[in-house]
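Worksheet: the structure to be examined is printed underneath.
A note on names: the letters A, B, ... follow the listed sequences, proteins ahead of strands, and every chain is numbered from 1.
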Amino acid sequence: MTDTPRQDYFFVTEERLEPLRYQQLVSAPAYGAVTSFVGTVRSPNKGQVVRHIDYQGYDAMMYTQMKVLAGELRARFDLGGLVVAHRLGRLGPGEASIAIVVASPHRRDSLEACHAAIDRAKALLPVWKYEVTEQDEGWVAGSSQAAEPL
Amino acid sequence: MTDTPRQDYFFVTEERLEPLRYQQLVSAPAYGAVTSFVGTVRSPNKGQVVRHIDYQGYDAMMYTQMKVLAGELRARFDLGGLVVAHRLGRLGPGEASIAIVVASPHRRDSLEACHAAIDRAKALLPVWKYEVTEQDEGWVAGSSQAAEPL
Amino acid sequence: MTVELLLFASYREQVGQRRLELSLPEGTRVRDLAARLEAEHAGLSLRGALCALNEHYVAPDAALSAGDRVAFFPPVSGG
Amino acid sequence: MTVELLLFASYREQVGQRRLELSLPEGTRVRDLAARLEAEHAGLSLRGALCALNEHYVAPDAALSAGDRVAFFPPVSGG
């Protein structure tokens, strides 16, 4: 715990996410501030009870875009360790689909970088949600922020 | 996990903080976004290796001010569960002194409320740090934002 | 030249394949490849699709080279 | 009237007590109590202290009532 790892950790997995483990990965005495964001499957969503969401991802590109995201963050903020983790497959209500953990010497950098990270993850990561509710089902509308579309 | 607890949890303790437990307290399917902030004893701090920090607190007033803080946050943001936890006593480098966890249906509310919460906690909570480094020791300068001083 | 094409989400469903290998003339751009795919699959519209080349986002006028891996997918909804 | 006074951090060290009970005339304000404490403890300066009354922050001109719990402490450095 005396090292000062300015390291990136990226996870794409069909297993449960592990926020505590990610927090431990980036914890070091030189970084007094650790901000974590966990996004879970929300139910009810838009008034409908959600049965599950199937997350499909382009996993090789997810890792590439996590690297892009980390590069953007490190250019803007003074950071220690950074974790970006995304789960794929079938998730039920309340299960975590994304976790982001950002360590910094400063609380403002840690908090603002975490906020920027989840916003950019939603724009950059090639993932698609197929939501099944008690009423209907379908692909969830997404973001085209990342590039000029066809 | 089917309830939707808009509940406040306040902890003042000399024991280790438990971020994972706090995240579980506020996790519920209706709240898709959970942001956590953990502040730890930073070393080196201002170039000096820290041996430990003694945290002294006015614990009854800490709880009162945590309630004030929670009221402010709920007036500004759409929140689910909220945890504010502060440790007192002697802490070594890397040990967590404060943890804040904020659940919300919306990621923006969760992230901004967490940021506001740590800023307000630093202004409102009656806690004083006595820092012992390898070079010297003394009370850490604080904030007078909370009220008109004498 | 040969390129690899990956499809995701609704496009994967409509085309019925997740991966294709295609022989293309030199100088083909991403938008030409999209037009060819639409021509071969009645009812398929790639309008609004995002394009990736070797796992990086590109604009539709990006030029392709032999061995490239192209992907077409709908707007992304991760997180 | 009697009030309880709590001291923290450097003030606690300087006065050598964490808690005092004081008899005060009716109408005493927080700043009067601070002045009395300074008068009784040579070298003690409460200039810049924050004041709490029954666990809420108050300005120095807040009036005291019997049974109140007053606290003087330095600027806070929690978190």
Output the distance between atom CD (A/Gln24) and atom CG (B/Leu20), rounded to the nearest 0.5 Å. 9.0 Å

Measuring heavy-atom distances to chain B, does A/Asp119 have an atom under 4.5 Å in its side chain, in its backbone, in both, or in neither? both

Applying a strict 4.5 Å limit to non-hydrogen atoms, the region of A/Val38 in contact with chain B is both

Heavy-atom cut-off 4.5 Å, strictly under: side chain, backbone, both or neither for B/Glu95 against chain A? neither

Which bit of B/Val34 comes within less than 4.5 Å of chain A, counting heavy atoms only: side chain, backbone, both or neither? both

Does atom CD (A/Glu15) have a neighbourhood of more than 12 heavy atoms from anything else shown, all under 6.0 Å? no

Does a sphere of radius 6.0 Å around CZ in B/Arg108 hold more than 12 heavy atoms from other residues, nucleotides or ligands, not counting ones at 6.0 Å or beyond? no

Please determine, among B/Gly39, B/Gly32, B/Gly92, the option with the most heavy-atom pairs under 4.5 Å with chain A. B/Gly32

Minimal non-hydrogen separation, B/Tyr31 against A/Thr40, with atom names: O-OG1, 3.3 Å

Determine the option with the most heavy-atom pairs under 4.5 angstrom with chain B, choosing from A/Pro19, A/Cys114, A/Pro105, A/Ser110. A/Pro105

Evaluate the side-chain proximity of B/Lys122 to A/Arg107: yes if any heavy-atom separation is below 4.5 Å, no if none is. yes

